[in-house]
Structures are given as C-alpha cells and as structure tokens.
Asks: 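First, the structure itself, so that you have it in front of you.
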Protein chains: 2
Amino acid sequence: MSQARQTNIINLRAIRVACQECSLNTLCLPLGMDQAELNRLDDIIERKSPVNRGDHLFQIGDDFHAVYAVRSGSLKSYATTENGHEQIIGFHFPGELIGLDAIAEGVHPLATRALETTSVCAIPYDQLDSLSGELPGLRSQLLRLMSREISHDEQNMIILGQKSADERLATFLIGLSNRFALRGFSSTEFNLSMSRGDIGNYLGLALETVSRLFTRFQQDGLIRVERKFIEILEYDQLYALAGGEHSDHS
Amino acid sequence: MSQARQTNIINLRAIRVACQECSLNTLCLPLGMDQAELNRLDDIIERKSPVNRGDHLFQIGDDFHAVYAVRSGSLKSYATTENGHEQIIGFHFPGELIGLDAIAEGVHPLATRALETTSVCAIPYDQLDSLSGELPGLRSQLLRLMSREISHDEQNMIILGQKSADERLATFLIGLSNRFALRGFSSTEFNLSMSRGDIGNYLGLALETVSRLFTRFQQDGLIRVERKFIEILEYDQLYALAGGEHSDHS
DNA sequence: CGATGACTTGACTGCTGTCAACGTGCGTGG
DNA sequence: CCACGCACGTTGACAGCAGTCAAGTCATCG
C-alpha cells in the first residue's frame, strides 16, 4: 500500500512539503521543535495552492480562523480609511507569519494581498492554540514570533516618527537586504515586488519622493536601480544613512 | 495626576491584592480564567512597591525576565538613537502589559520609565510561559493581549504614516479618552501625565506644534485645556477630525 | 501599434520644524 | 514669606523639506 511515498500520484500531492523539509523551518513555527512535535504540527497545517498577484488572502473584517505562513512570493497588508485611501502596514516574505493581529478580536483588522504569485501554508488557529498547550516548543516559538512582530512594528514607528525621507528609504532598503540575506538570497541584489507607490505609502512618503530618492541614491553611488531591480553598492554608507545621523545639530 | 509623595508606610502590606480583587482583571491577564486558574496565576505574580516619577522599570538592553502589568499610574516606553535622541513608542496605563516585545530576543529593546508614581505587578516570564501551557484560559488571554499589542502598533503606523498634525493630536486625545473610559475614569475630563514634548515626540511632531494645536483646538471649542488638564467639549467633532477626513479634495 | 499603467522629472506651495523670546508655575533655599 | 532658578509651556518669525499638480517618458501587453 505505502509505495505511494515516492511515486507521487498527482501534482496536487507535491504541494505537501513537510515542515522538516521546508527550507524556512528555522524562521517559521517549527524552530525549536523536535521530530515528534513537528509531526503533530504537520498534521494541522493546510498547504494551499498558490495565490496570484493581486489576490487577497483575506479582507478587512473577515472572520479570523487561521494564520498563514509564507512559503514563497510576497504580500502586503493594508488598512483602508473611510475615504477609501489605503495605508500599507507591512510586506511579508517567506517564513513570516500573517494574521497574528486578528487573534484579539477574532476579525482581521487588515487586508492582505499577494504582490506576485505566492504560496502559503494555512494554520487553523483553534488547533494551533490547543496544540500550543501541549507542545512547549511550539508555544515558545509562537510567543517569540508574536513578540518579534511587536518589536518590528515598534521599529517602524521610529522610522515614521522621526526619520527624514532619505533615512526612511535607506532604512527600508537595508531592511529588505537583511531579510533576503536571512532567507539565503543575495543581500546586495534583489527585485522589488512592490511598486514605488507601495513603498511610498508604506514609508509615509509621496511616490514622487521615492522616485526622486532612488535616482539621487543612484547618483550618489549608493545603489544601482533599474526599474524593479536594485543593487546595493555601498551597504555601509546606506546603513549609516539609515541609522539616522541627524546631521549633527542637536 | 501626580498626587506624588503620599508616603504610606503601612500601605506596603496592602500592596498584595489578589488578581480576583483587582479592578483591572477584565483588562489584564486574568480575563477568562476560573477561580482555580486565578490562584495559580496569583502565586507567580510579584507585587512590587511603587516606582517614582522618572524611575526606570528597565533600560534598553536589560535582560528580560518578567513582563509587567500596570496597576496604577502611567509610564512611557522609548528607544534611543545613536545620537542620544529619544523616540517614545508608547504610553502605558493600568491594566496594560509591558515588555512583551522582549520575549523574542530575551533582551528589552525599549526602556520604560514612570511618568508619575506608579505601581506594577511583575510576572516572571519563565513561569508565565510554563503556566500558560497548563492553563488554556491564561494562554488564550496572553495571545489575545499580544495580538492586541500588534494591532495597536499597526494603528499607530497609520497615524504616523499619513495623518496631518491636527489629525494626529485628535487621534491621540480620542485614544486617551477611550482608554480612560475602559478603566472607569471620565472620558471627557482627565489629566495628562506626559509633557507636551513627550506627546510631540510620540506623534512625530515638534513640541511647539503640539502646543499650537492645543490652543487652536481650544479656540475652535473642541477642548478646554489648562496645563495638564484636558476637557473634551466636542467629542464627535474631535472624533471626526481624528478619523481622517482629508478635507475633501480627493 | 496604440493603450495603459508605472515611473520620472520639474515647478510651485504649504505644512511643520527650527530658532528664539517670553510667560508661567513650582520647588528650593535664604 | 519671598526671591530665585529651572523646567515647562506659549507664541512669533522664518525657512526648508516634502507634498501636490502637471507634463512627459518608458515598458509591457493586448
């Protein structure tokens, strides 16, 4: 019977990749869990078929029943004000968990949509909650991930609260570079999956400002930019700029 | 607010107030726990003696070993940039948990200091973690509180990302009003425990701008302000302003 | 090949920060 | 009790960063 192991019957089956074989398990929920625990977790995770660019994972106000782990691709989360304007709250890359902000009220306070073809794992929350009661490793990692989310948001408040436009963009690029490096991609060359408008919206800047800064950073030799493609030429200088040397006059 | 210096030596004994007798237990960790669970939680909580205005609960980089629940008073959390400038990330009022952002790295990413005489409960994290494995009610509430923290931070990103100065201050006042109301205080009359500079820092505005807006709001009849004392006269108008009607021109 | 959307660049405006002076309340010490 | 110092807050003048409006360029796709 169990010869179906290797000779996969249909492609749909290929979607199922156990957590222990997932290259992201050191970033994601599995971190710190042993073999037996991993199997329990594997059982409740639903591997979804890929979502296309522009598709929503969920809308604002949708009932919350699962958190999502990104396996590949990227997404953005955003709120909308009454006048219909959209404010982007964050971008999501492989290994990151989405929807943790919905636990409190049982409803998603933000919408999330894919920036490109993207695949995710869905983890039903009621099962995650009860399973985290049984598995200390899972519980600790879940708390760590939520805690990290909180401190990331706090970092973003610093960016928005007191940094100038060029400091914001530099911080954004450094942040992307670091996130890609963690996932084994190049930290100096990457493609932006979001538009200039998205970046500006996220950073609290007009898209024209973002565009101007990209060209200025390029003129200054900090980066090379070619539409969506970014190459970081002077990481250290960019990092210093992001760090927030407010000139000196204080 | 600062009725400071009420040095009651005898009250030191009265510091021990069981969670079930605490007026904040519907906001704090105890929510959703039964009698037996509450007793378990009570056993691990340390009631600390009051901290004075300006005292630190912890500094940036301090080892993390406990989260703190505010019982009375208020505090601010802040980061410091390399040039020594301080960025306030949040204010804390009774019933709120402090330090959840430190779980991820085991070190406090922010410092927290009292704005007035303040008393807190300390909850050792290792015990909280293991206890939350045994008590489903505690685990759920802890996750809810962390989730709420995340969505609050996201709301703040919206404020900082796209609101104008007057919208920010209006949002701040409405937020305070709602928080006080939840705690059984007046939602229309209260004292600010933080300075104009703190408010401006938090909202990403110069303190002069905050001062000017207070006087303008008063001229417009929205509020009455007298040093630290605030009376909200037109809640609805203030709310509408906070909501973010970007004039109309869009 | 034209349409569409994304991006770039320029000109101008205005909100808000900066600098500066002054007012106000409070605690300390004579 | 009063004088003083100091921190905090208010108000004004000015300037600059970044937003808005607008025109034009570029890439992609049907």
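No experiment lies behind these values; they were computed from the predicted model shown.
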Asks: Does C:dG17 have OP1 or OP2 under 4.0 Å away from a side-chain N or O of B:Thr209?
Replies: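 Indeed, a polar side-chain atom of B:Thr209 lies that close.
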Asks: Using only heavy-atom distances, decide whether a donor-acceptor pair under 3.5 angstrom links the side-chain of B:Glu208 to the base of C:dC19.
Replies: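 Yes.
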Asks: Would you classify B:Ser211 as touching base, sugar-phosphate or nothing, given that sugar-phosphate means primed atoms plus P, OP1 and OP2, and contacts are heavy atoms under 4.0 Å?
Replies: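 Answer is base: heavy atoms of B:Ser211 come under 4.0 Å of a base.
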Asks: On the nucleotide C:dT9, are OP1 or OP2 found under 4.0 Å from the side-chain N or O atoms that A:Thr215 carries?
Replies: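 Yes, because at least one side-chain N or O of A:Thr215 sits under 4.0 Å from OP1 or OP2 of C:dT9.
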Asks: Report yes if at least one side-chain N or O of A:Lys228 is closer than 4.0 Å to OP1 or OP2 of C:dC7; otherwise report no.
Replies: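 Looking at the OP1 and OP2 atoms of C:dC7, one of them is under 4.0 Å from a side-chain N or O of A:Lys228.
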Asks: When all nucleic acid strands are considered with a 4.0 Å heavy-atom cut-off, which category describes B:Gly204: base, sugar-phosphate, or nothing?
Replies: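 B:Gly204: backbone/sugar contact only, no base atoms under 4.0 Å.
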Asks: Does any donor-acceptor pair link the side chain of B:Arg212 with the base of C:dG17 at a separation under 3.5 Å?
Replies: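 No such pair is found, so the answer is no.
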Asks: With heavy atoms under 4.0 Å as the rule, sort B:Leu205 into base, sugar-phosphate or nothing.
Replies: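 The answer is sugar-phosphate, as B:Leu205 gets under 4.0 Å only of primed atoms, P, OP1 or OP2.
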Asks: Within this structure, what is the CG-to-P distance between A:Asp166 and D:dG16, rounded to whole angstrom?
Replies: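 So the two atoms are 16 Å apart, to the nearest Å.
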Asks: Distance check, rounded to the nearest 0.5 Å: B:Leu110 atom CG versus B:Asp62 atom CG?
Replies: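 Between atom CG of B:Leu110 and atom CG of B:Asp62 there are 11.5 Å.
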Asks: For B:Phe180 and B:Phe190, take the angle between the two ring planes, folded into 0 to 90°, and tell me which bin it lands in: parallel under 30, tilted 30 to 60, perpendicular over 60.
Replies: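 Ring orientation of B:Phe180 relative to B:Phe190: tilted.
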Asks: Starting at CG of A:Leu115 and ending at C1' of C:dA6, how long is that distance when rounded to a whole Å?
Replies: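 Nearest whole value for this atom pair: 15 Å.
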Asks: Whole Å only: how far is the CG atom of A:Leu213 from the P atom of C:dT9?
Replies: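 That distance rounds to 12 Å.
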Asks: Round to the nearest Å and state the distance from B:Glu226 atom CD to C:dG25 atom P.
Replies: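 Taking atom P of C:dG25 as the reference, CD of B:Glu226 is at 9 Å.
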Asks: To the nearest angstrom, how far is A:Gln162 atom CD from C:dT18 atom C1'?
Replies: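 Rounded to the whole Å, the gap is 16 Å.
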Asks: Under 4.0 Å, heavy atoms only, any strand: does B:Ala165 hit a base, just the sugar-phosphate, or nothing?
Replies: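 Contact class for B:Ala165: sugar-phosphate only.
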Asks: Using whole Å, report how far CZ of A:Arg168 lies from P of D:dC17.
Replies: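 Taking CZ of A:Arg168 and P of D:dC17, I get 14 Å after rounding.
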Asks: If you compare every side-chain N and O of A:Arg227 against the phosphate oxygens of D:dC26 (OP1, OP2), does one of them come in below 4.0 Å?
Replies: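 Indeed not, no polar side-chain atom of A:Arg227 lies that close.
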Asks: When the distance from CD of B:Glu167 to P of C:dC15 is rounded to whole Å, what number comes out?
Replies: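 So the two atoms are 12 Å apart, to the nearest Å.
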Asks: Starting at CZ of A:Phe214 and ending at P of C:dT9, how long is that distance when rounded to a whole Å?
Replies: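 Rounded to the whole Å, the gap is 13 Å.
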Asks: For A:Glu105, does the CD atom have more than 12 heavy-atom neighbours from other residues, nucleotides or ligands under 6.0 Å away?
Replies: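 For A:Glu105, atom CD is not crowded (no more than 12 foreign heavy atoms under 6.0 Å).
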Asks: Drop me the distance from B:Ile98's CD1 to B:Ile123's CD1, to the nearest 0.5 angstrom.
Replies: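 That separation rounds to 10.5 Å.
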Asks: Is the shortest side-chain N to carboxylate O distance from B:Arg148 to B:Glu96 below 4.0 Å?
Replies: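 No salt bridge links B:Arg148 with B:Glu96.
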